Asks: 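Just dropping this structure here.
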Amino acid sequence: MSANILRTTVAEIVEKTPVFDIHTHLYDPAFGDMLLWGIDELLTYHYLVSEAFRWMDMPYEKFWAAPKQQQAEWIWNELFIKHSPVSEACRGVVTVLNKLGIAADRRDLPALRRWFAQWKPADYINRCCELANVRKIGMTNSPFDDAERPVWEKGFKRDPRFVAALRIDPLLMDWPNAAKRLHGWGYTVSADFSGQTFAEVRRFLGDWTKKIDAHYCMVSLPPEFAFPAKTDAAQIIEHAIMPHGREHNQAFALMIGVRRAVNPQLQLAGDSIGTADVTAVERLCAAFPGNKFLCTMLARENQHALCIAARKFRTLHVFGCWWFMNVPSIIEEITRMRLELIGLSCTPQHSDCRVLDQLTYKWAHSRPIIAKVLADKYEDLAVGGWHPTREEIQRDVQHLLGGAFEEFLARN
Ligand code: HDL
Ligand code: ZN
């Protein structure tokens, strides 16, 4: 295969291979309005909120007190009309409109609203999944979310495209209050870990794993996360989450490096970043060889050491260009580093979508980068006389777009 044909073949296969988007904040249609979609949700995505405030003098309170449509109009004017939408999050809105077949640069927000208003949610979900070529969507499901919990407790017919992940941040990051809530739900736990606390935390994890059919358990952790440590988090991981993971053959996803509410006035947009300690991940893998770990880190500075940690532990599966990493320049850098250090045994990307329509742009932006890096690596191989067949390229791409992740979850 010539270099040109190889490159176009890789690009075509990456475009055509359906993806398992392993981490998003989207919801099964049964959750109703919790599944966000449409132009006003796209424009008020917290990534754009923080960018718009860089131009706006208005008091934060005034913005938050305004209706969502007004917030969207302010953001539209600042980031699309008064300045070109060159940031990745703004470009994303333009890509969504383009993929949906709307002339984005009509610059007519009311007309855009009329276009979105014609869709029924069920049809729109199908359209977005088709345009993004997404076969499965990993949700983020928290028993501690008062809007989400009752829907699970009532029960509903699942949409098989939406798979659950058990999100437990309060359990590790705010144990004293989480203990009170677990106690209120009938689990005999004590904040001082006395009595049957760890067994009861395991029962809680087991109950929710079954209730939502959780594909994995997940937590976001601050850059200071350490293991071993005398912290509540370290104790709960050691005495509850690890035995639970072995009992259920369930991977534990560590998302490390977030500093919450650095600017609380930005609400969801107010979180920031910190360089974390990758040795904590290595120590967890070394201490619990019977457990499986997924890991993504928020700081660019941590990415190389995380790849090295994955070289040391086959029980560690690295995934995604998370949040502040999810920009073309860094996606390319991280993906190239991963393929050069751990080959195809990783999951290069997840979308982290909060708004359904974002599926179209997050994958439209990442697929060409993944294809470019993979084609570069095949070209490097070709110099040595190794030429992948079309079937081998299809196999490799299927691995990168969710297949390796599914194999990792199934491994005993
Ligand atoms: O903690 C997380 O899962 C993060 O992805 C946050 O939800 C963050 O606000 C986000 O949406 N990042 O993309
Ligand atoms: Zn997320």
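What you see is a predicted model, and the numbers here were worked out from it, not measured in a lab. As the structure lists them, so they are numbered: ligands from 1, and atoms in each ligand from 1.
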Asks: When you measure from atom 4 (C) of ligand 1 to every protein heavy atom, which one gives the shortest distance, and what is it?
Replies: W322 NE1, 3.5 Å
Asks: Can you list the ligand 1 atoms lying under 4.0 Å from a non-hydrogen atom of M255?
Replies: 3 (O)
Asks: Rounded to the nearest 0.5 Å, what separates atom SG in C321 from atom CD in E333?
Replies: 9.5 Å
Asks: Among protein heavy atoms, which lies nearest atom 13 (O) of ligand 1, and at what distance?
Replies: Y47 OH, 2.3 Å
Asks: Whether E332 and K372 form a salt bridge (side-chain N of Lys/Arg under 4.0 Å from carboxylate O of Asp/Glu) is what I want to check.
Replies: yes
Asks: With heavy atoms under 4.0 Å as the rule, classify the contact between M325 and ligand 1 as side chain, backbone, both or neither.
Replies: neither
Asks: Can R260 and D271 be counted as an ion pair, charged N to O under 4.0 angstrom?
Replies: yes
Asks: Is H46 close to ligand 1, meaning an N/O of one under 3.5 Å from an N/O of the other?
Replies: yes
Asks: Of all the N, O or S atoms in H23, which has the shortest distance to the Zn ion (ligand 2)?
Replies: NE2
Asks: Any ion pair linking K180 and D174 (charged N to carboxylate O, less than 4.0 Å)?
Replies: no
Asks: Taking only heavy atoms of H23 into account, list the atoms of ligand 1 that are under 4.0 Å away from them.
Replies: 3 (O), 5 (O)
Asks: Only N/O/S atoms count here: what is the atom of D352 closest to the Zn ion (ligand 2) called?
Replies: OD1
Asks: With the threshold set at under 4.0 angstrom, would you say R260 reaches ligand 1 through any of its heavy atoms?
Replies: yes
Asks: When you look at NZ of K377, are more than 12 heavy atoms from neighbouring residues, nucleotides or ligands closer to it than 6.0 Å?
Replies: yes
Asks: I need the single residue from R167, K211, E148 that forms a side-chain hydrogen bond (donor to acceptor under 3.5 Å, both in side chains) with N141. Which is it?
Replies: E148
Asks: Does M218 come within less than 4.0 angstrom of ligand 1, counting non-hydrogen atoms of the residue?
Replies: no
Asks: Between K362 and E88, does any side-chain N to carboxylate O distance fall below 4.0 Å?
Replies: no
Asks: Tell me which protein heavy atom sits closest to atom 5 (O) of ligand 1, plus the residue, atom name and distance to 0.1 Å.
Replies: D352 OD1, 2.8 Å
Asks: Test ring pair (Phe, Tyr, Trp, His ring centres under 6.0 Å) on H350 and F319; report intermediate values, then the result.
Replies: CA-CA 7 Å; H350 69 276; F319 75 94; 5.3 Å; yes
Asks: Considering only heavy atoms of R354, which atoms of ligand 1 have at least one such atom less than 4.0 Å away?
Replies: 6 (C), 7 (O), 8 (C), 9 (O), 10 (C), 11 (O)
Asks: Between R127 and E130, is the closest basic N to carboxylate O distance under 4.0 Å?
Replies: yes
Asks: Where on R167 is there a heavy atom closer than 4.0 Å to ligand 1, on the side chain, on the backbone, on both, or on neither?
Replies: side chain
